Protein chains: 2
Amino acid sequence: MNLAEAKQQFISSWGAFGTHWGINRTMAQIHALLLISPDPLSQDDIMQELNISRGNVNMNIRDLIDWGLVQRVLLPGERREYFSAEKDIWKVATQIVKERKKRELDPMLKLMTRLEAVEGDKKDKHVKQFVDTVSGIRHFGQQADRMLDVMVKADENWFVGTLMKFFR
Amino acid sequence: MNLAEAKQQFISSWGAFGTHWGINRTMAQIHALLLISPDPLSQDDIMQELNISRGNVNMNIRDLIDWGLVQRVLLPGERREYFSAEKDIWKVATQIVKERKKRELDPMLKLMTRLEAVEGDKKDKHVKQFVDTVSGIRHFGQQADRMLDVMVKADENWFVGTLMKFFR
DNA sequence: CTGAAATTTCAAAAGTTTTTGAAAGTTTTT
DNA sequence: AAAAACTTTCAAAAACTTTTGAAATTTCAG
């Protein structure tokens, strides 16, 4: 397989992969394109490579910047803005974990804590099942939360070297 | 907050949560409803509780069964089918991990392995960046794969008891 | 300042996913 | 063997999401 084909496949499957993870196809494709570009790209470069409109590139680039996955780069002597993606996959992963934890897990745990305090007779099986379920979710979520916190703060070498010895 | 309100909130936020994870709103809501129901429910029960059509319930229940999260239950002396969800959150989580690993991670790793073998001069920076990125993703993915395998096979007590001592 | 280049915005169009509900299919009962 | 009870299917409609592109805004070199 030559580079052009391989690029196409990578970009298109990263896009498909993204859709399973609540990220839209185009955002994931732009990210993929930037991941494999040795140099920063401009909006026009991205429009050309992926055949998408200016507005679309602009919006999705902005989201990628919000997620902390892409940075604006100003090339000296150039008027226009360029964009480049964080290339270290460990950093990419921890950044995504950090954001999703903040956006999804943390609010969910807050809600579960509130719902656990539902009023009602704990001997009523409907109340009991509700409280048990919510509390089970909260417990599990808190374990996950702690684990992800450590992962986000950890250095890759510690993680891969020390912790991964358990997984053999 | 009374039970009815709490139920509503739980179902609706579980639905919203699901959409961030590539699961459709209704499927997640049905799952939520079954999680907090002490007894199995029929299609009609679900239609009523969530105000959705018969076909919709049927399709989404089928998907939940495919995911291994819901089971058909035949109540003695009853003609119709009832459905009940696995209530143990640890089992629910490992089941989801197992399925997503199989459906998404495994094929992705296969693709990365193929793409890593792209032909071309490794001194060309475009080729180099492509291979480095793909290989970085493969490495990370394989670590994750191993870790998730252990998690899926592990018993909850081992996981929470032994492993979680690391996360303090 | 000025005006050309670059970026951002956003309403409308295109595309995608989900839902509905009636018809077809299946199983059970009489 | 026909009717009744229940389940599944699927084409069309509705709802939702993404993309476009032209206009508005911002930026900056001269």
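Because the structure is a prediction, the values reported are computed rather than measured. A, B, ... follow the sequence lines: proteins, then strands. Residue 1 opens every chain.
For residues 19-35 of chain B, proximity to DNA chain D is found at no residue, defined as any non-hydrogen atom under 4.0 angstrom from a strand atom.
Within the structure, side chain to side chain donor-acceptor pair (under 3.5 Å) pairs that include any residue of residues 31-40 of chain B comprise A:K125-B:D39 (at least two apart or interchain). Judged as a salt bridge (charged side-chain N to carboxylate O under 4.0 Å, His left out), the pairs with a partner in residues 46-63 of chain A (not counting sequence neighbours) are, in order, A:D44-A:R54. The list of ring-ring contact (aromatic ring centres under 6.0 Å, His included) pairs with a residue in residues 34-64 of chain B, not counting sequence neighbours, is empty. Residue pairs meeting the ring-ring contact (aromatic ring centres under 6.0 Å, His included) criterion with at least one member in residues 88-114 of chain B, sequence neighbours excluded: B:W90-B:F159. Applying the salt bridge (charged side-chain N to carboxylate O under 4.0 Å, His left out) rule to pairs touching residues 110-121 of chain A yields A:E116-A:R138, sequence neighbours excluded. Counting only residues at least two apart or in different chains, ring-ring contact (aromatic ring centres under 6.0 Å, His included) contacts with residues 132-155 of chain A are absent.
Across the protein-nucleic acid pair, B:R72 atom CZ and D:dC6 atom P stand 16 Å apart, rounded to whole Å. As a whole-Å value, the separation of B:I61 CD1 from D:dC6 P is 17 Å. For the pair A:Q43 CD and D:dG21 P, the computed distance is 15 Å after rounding to whole Å. Following rounding to the nearest Å, A:R80 (CZ) and C:dT7 (P) show an atom-to-atom distance of 7 Å. Taking atom CG of A:L64 as the reference point, atom P of D:dT18 lies 13 Å away to the nearest angstrom. Rounded to a whole Å, the CE atom of A:M47 is 11 Å from the P atom of D:dA22. For the pair A:E78 CD and C:dA6 C1', the interatomic distance rounds to 12 Å; values are reported in whole Å. Rounding to whole angstrom units, CZ of residue A:R54 and C1' of D:dT20 are separated by 12 Å.
Every residue two or more places apart in sequence or in another chain that forms a ring pair (Phe, Tyr, Trp, His ring centres under 6.0 Å) with B:F130 is listed here: A:F10.
For DNA chain C, if you chain together Watson-Crick or G-U pairs that step i with j, i+1 with j-1 and so on, the runs of at least three with distances under 3.5 Å are C:1-30 with D:1-30.
In this structure, B:Q129 contributes its side chain and B:H126 its backbone to no donor-acceptor pair below 3.5 Å.
Nearest to the side-chain atoms of A:S53 among the listed nucleotides D:dT9, C:dT19, D:dG21 stands D:dG21.
As a member of the Ile/Leu/Val/Met/Phe/Trp/Tyr network built from side-chain separations under 4.5 Å, A:L74 groups with nothing else and remains a singleton. The other residues sharing a hydrophobic cluster with A:V73 are A:L75, A:Y82, where clustering joins ILVMFWY side chains under 4.5 Å apart.
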Hey, what are the protein-to-nucleotides 27-30 of chain D N/O distances that come in under 3.5 Å?
residue, atom, partner, partner atom, Å
D:dT27, O2, A:R79, NH2, 2.6

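Residue B:N58 places none of its side-chain N or O atoms closer than 4.0 Å to OP1 or OP2 of D:dT7.
Around CD of B:Q142, the count of heavy atoms belonging to other residues, nucleotides or ligands within 6.0 Å exceeds 12.
For the pair A:D44 and B:M59, both in contact range of DNA chain C, the more 5′-proximal nearest nucleotide belongs to A:D44.
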